[in-house]
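All chains are named by letter (A, B, ...) in the order of the sequence lines, taking the proteins before the strands, and each is independently numbered beginning at 1. Computation of the quantities below employed the complete heavy-atom set of this structure, encompassing side-chain atoms and omitting hydrogens, waters and symmetry-equivalent molecules.
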2 protein chains.
Amino acid sequence: MADVGRQASVSITTVSLVLSGQHSRISEATKARVLKAVEDLNYRPNKAAQGLRLGQTRTIGFVTDEILTQPFSGNIAAGLSAVAWEQQSLLLTVNATMNTGRLRAAVEDLIDRQVEALVFAAMGSREVDFPETPPNLPVLLINAYDRRGRIPSIMPNEEEGGRSAIEHALDLGHERFVFLAGRENAWATKMRVRGYRDGLEIGGLRPVDNPIFYGDYRIGSGYDLAVRAMQRRPRPTTLLCGNDQMAIGAYIALARMGVRIPEQVSIVGYDDEPIAADLSPSLTTVRIPFYEMGRVAATHALAGTVSEIGQMLMSCPIVPRASTNRPLGQ
Amino acid sequence: MADVGRQASVSITTVSLVLSGQHSRISEATKARVLKAVEDLNYRPNKAAQGLRLGQTRTIGFVTDEILTQPFSGNIAAGLSAVAWEQQSLLLTVNATMNTGRLRAAVEDLIDRQVEALVFAAMGSREVDFPETPPNLPVLLINAYDRRGRIPSIMPNEEEGGRSAIEHALDLGHERFVFLAGRENAWATKMRVRGYRDGLEIGGLRPVDNPIFYGDYRIGSGYDLAVRAMQRRPRPTTLLCGNDQMAIGAYIALARMGVRIPEQVSIVGYDDEPIAADLSPSLTTVRIPFYEMGRVAATHALAGTVSEIGQMLMSCPIVPRASTNRPLGQ
DNA sequence: GGGCCCAGGTAAATCGTCTTACCCAGGGCG
DNA sequence: CGCCCTGGGTAAGACGATTTACCTGGGCCC
């Protein structure tokens, strides 16, 4: 900046005034000289120094729980990043393992770097023991909830998702279901199961005729449970899967058994991974709005309105595709 | 810091000396007083100010090309992040679209924020027109190469990957292949095809008996091409797939045709997505070492040795699993 | 006792920017 | 002619650290 001033024969103050758009008091001629010097010297302001002076870094700390290595949920990062960019902010990212010590260290480092907000995202919805933070720093959890319940969080509405999955099938006229659920003790599973039960009730169906089989969210268990489900008599007409991976397992099992989708059985997934649209037939599934969750998080974090969030549940809509259709004989 | 000094009845200088470990000249008693004051006031140094003074931000700029939203390749970010963390550095992340203007803006913003290195990662290996950067700033491309060839880059050795896929099958005794390749004009496809041809030659096989079918890297084309491949007589004993997604398509097609893997036909994928290990049977595939690529990139970027990299090719090893076996009758 | 050294600390400059308070020369006005 | 205002700029603090150069008092040695 001093160089620019020298080149344009003005003071540093003048250069700053011109550059910061406060040229109310600077003559056009001087302004032009300064801008020319800036151009000639290829000067660019040092944002670290600006930040120090202004007391703002335009930076959001983003701590993840190995999330980025997980398929599809990098969308949270994308959503955060998009909003941040719109507001001249950037994401300072740390990939912290489950390890609480590392989480604490990461959070402290980010605080020391004067981030203006802190967002934590977990892979599977889970409880987390979040470290202490300064009272004036906006903190937000995505896909996780604080052990002590003091921190605002954004979670997918898994219960509603489970319910819309089954309601979609009910609307098509289905009456016999099996729910191929994921790990029994996972929070997401419990919620999805709850939605499933709600859905059955809405349809006036008995739980005993529409059982829940538990697996582990992986392809293999989708395969195994699908085989088991199709052995029931009368056969189910719709398999609701705990996630898209299990739906893939079901696809393979059904292909091998010669059962056609959706003519003989409809399949509904959960997650709307990119792969869902590419399967053949394309997979009807429930979308978890990760990208939007990231956007909402960043918006509130930067606006300093995280306290308005409370325990926000994001709606998980059904995405109808080719794997569901009216049951035969309707 | 001034507060701490006051509390401990010493100067700011002394506090700084104690905290930075330069206590060579500070008495134990004073040191203890200072540390106590630090504790009492819960003082933490401002890294923005430190950075300004020291002229170092301990920050790597990481620009992605929508990569994070792509399954499995978030591993690049994880690798970068891991090394950065080991060296007290953090990642400043921007998700920039293909759009060159946005890329330029992102790079300039990162430069203004005084990042100590710049890493760009692309989704599919591709050419990129990277903006001008200051000469002393380490810049590195992952999974991309600079249009003008001036920027060091780290790419997977796709050719070797293709070759090891077929060599693996040759070792098992296979002699009739079909390569279900991806998009014909993609760089990665061309390289993998080259490796495939090398492999055929090594095995003494004729290209005319072992054709290449081109698809689009999606499940649907894997399905279609697998059907087409199995219509050949004599039947191929191994299908090499352009990526794991196409292999999934092949799995479904073969299941529907009643062809068993690996008894009747072996399948080899490419990418080693998480899904590969979960398929049933688990999928033999070629691993792209994204995590390691991230690690190498961060290591050289932080050490300032990017120029040693040149055009580095990372080895892509075969990961043998259950989808490949000796052909029948051997 | 004087000179020197050393341990233990501190004052002040610096990093690059913003911002408040001030300065100065003209011009209008009474 | 003196006063005040105003347009156009500048000097001089911050912001929160680090680091160099200096200061001071006491002990040691001759």
Side-chain angles (χ1 to χ4, degrees), chain A residues 1-38 41-59 88 108-116 134 136-137, chain B residues 1-38 41-59 88 108-116 134 136-137:
Chain A
M1 213 155 175
D3 293 344
V4 172
R6 205 169 308 123
Q7 174 98 354
S9 315
V10 293
S11 71
I12 296 183
T13 306
T14 305
V15 177
S16 175
L17 255 24
V18 170
L19 260 43
S20 58
Q22 313 279 349
H23 23 56
S24 43
R25 321 163 30 107
I26 305 296
S27 71
E28 286 300 316
T30 311
K31 198 171 113 187
R33 269 213 327 285
V34 169
L35 290 176
K36 171 134 177 25
V38 164
L41 297 174
N42 199 17
Y43 165 82
R44 314 226 76 217
N46 178 328
K47 297 218 174 175
Q50 280 183 338
L52 178 58
R53 176 64 233 255
L54 265 32
Q56 45 150 290
T57 53
R58 310 257 67 183
T59 301
Q88 283 81 258
E108 281 178 359
D109 192 351
L110 289 171
I111 293 172
D112 293 350
R113 285 169 186 257
Q114 314 294 116
V115 295
E116 294 177 357
N136 53 343
L137 180 70
Chain B
M1 212 154 177
D3 294 344
V4 173
R6 206 170 307 123
Q7 173 100 354
S9 315
V10 294
S11 72
I12 296 183
T13 307
T14 304
V15 178
S16 174
L17 256 23
V18 171
L19 261 42
S20 58
Q22 314 278 346
H23 24 54
S24 42
R25 319 161 33 108
I26 306 295
S27 72
E28 286 300 317
T30 311
K31 199 171 113 187
R33 269 212 328 285
V34 169
L35 290 176
K36 169 131 180 25
V38 164
L41 298 173
N42 199 15
Y43 165 82
R44 312 227 76 216
N46 178 327
K47 296 219 176 179
Q50 279 183 337
L52 178 58
R53 177 64 233 256
L54 265 31
Q56 44 149 291
T57 53
R58 310 257 69 180
T59 300
Q88 284 81 255
E108 282 177 359
D109 192 350
L110 288 171
I111 293 171
D112 292 350
R113 284 169 187 256
Q114 315 293 115
V115 295
E116 293 176 357
N136 52 342
L137 180 70

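- In this structure, Gln56(A) atom CD and dT19(C) atom C1' are separated by 14 Å, rounded to whole Å.
- Between Glu116(A) and Arg58(A) the shortest heavy-atom distance is OE2-N, 2.9 Å.
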side-chain contact (heavy atoms from CB on, under 4.5 Å) between Thr59(A) and Gln114(A), worked out:
CA-CA 8 Å; Thr59(A) 301; Gln114(A) 314 294 116; over 6 Å; no
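- Counting all heavy atoms, side chain and backbone alike, Lys31(B) lies closest to Ile26(B) at N-CG2, 4.0 Å.
- The listed nucleotides are dT19(C), dG8(C), dG16(D); the one nearest the side chain of Ser16(A) is dT19(C).
- To the nearest angstrom, C1' of dC15(C) lies 19 Å from NZ of Lys47(A).
- Rounded to an integer number of Å, the gap from CG of Leu17(B) to C1' of dA7(C) is 13 Å.
- Contact of the Leu41(B) side chain with the Gln7(B) side chain is registered, since non-hydrogen atoms from C-beta on lie closer than 4.5 Å.
- Closest contact between the side chain of Ser11(B) and the listed nucleotides dT10(C), dG8(C), dA17(D) involves dT10(C).
- With 3.5 Å as the limit, one finds no donor-acceptor pair spanning the side chains of Ser16(A) and Thr13(A).
- Across Val4(A), Val10(A), Asp3(A), a single residue satisfies side chain to side chain contact (heavy atoms under 4.5 Å, CB included) together with Arg6(A), and that is Asp3(A).
- As rounded to whole Å, 16 Å separates atom P of dG16(D) from atom CG of Leu19(B).
- Distance, Met1(B) CE to dT14(C) P: 19 Å, rounded to whole Å.
- When the side-chain nitrogen and oxygen atoms of Thr14(B) are compared with OP1 and OP2 of dT10(C), one or more of them lie within a distance under 4.0 Å.
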Write out a two-atom table: protein N or O, nucleotide N or O from nucleotides 21-24 of chain C, distance below 3.5 Å.
none

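- Among the nucleotides dG16(D), dT10(D), dT17(C), the one closest to any side-chain atom of Asn46(B) is dG16(D).
- Rounded to whole angstrom, the span from the CD1 atom of Ile12(A) across to the P atom of dA12(D) amounts to 12 Å.
- Backbone-only engagement by Leu54(A) is indicated by non-hydrogen atom pairs under 4.0 Å involving sugar-phosphate atoms exclusively.
- The nearest whole Å value for the distance from the CD1 atom in Ile26(B) to the C1' atom in dA7(C) is 10 Å.
- Comparing dT17(C), dA17(D), dC15(C) against the side chain of Pro45(A) picks out dT17(C) as the nearest.
- Judged by closest nucleotide on DNA chain C, Ser9(B) is the one of Gln50(A) and Ser9(B) placed further toward the 5' end.
- The minimum heavy-atom distance linking Asp109(B) with Lys47(A) is given by the pair OD1-NZ, 3.4 Å.
- Put simply, CG on Asp3(A) is 11 Å from P on dC15(C), counting in whole angstrom units.
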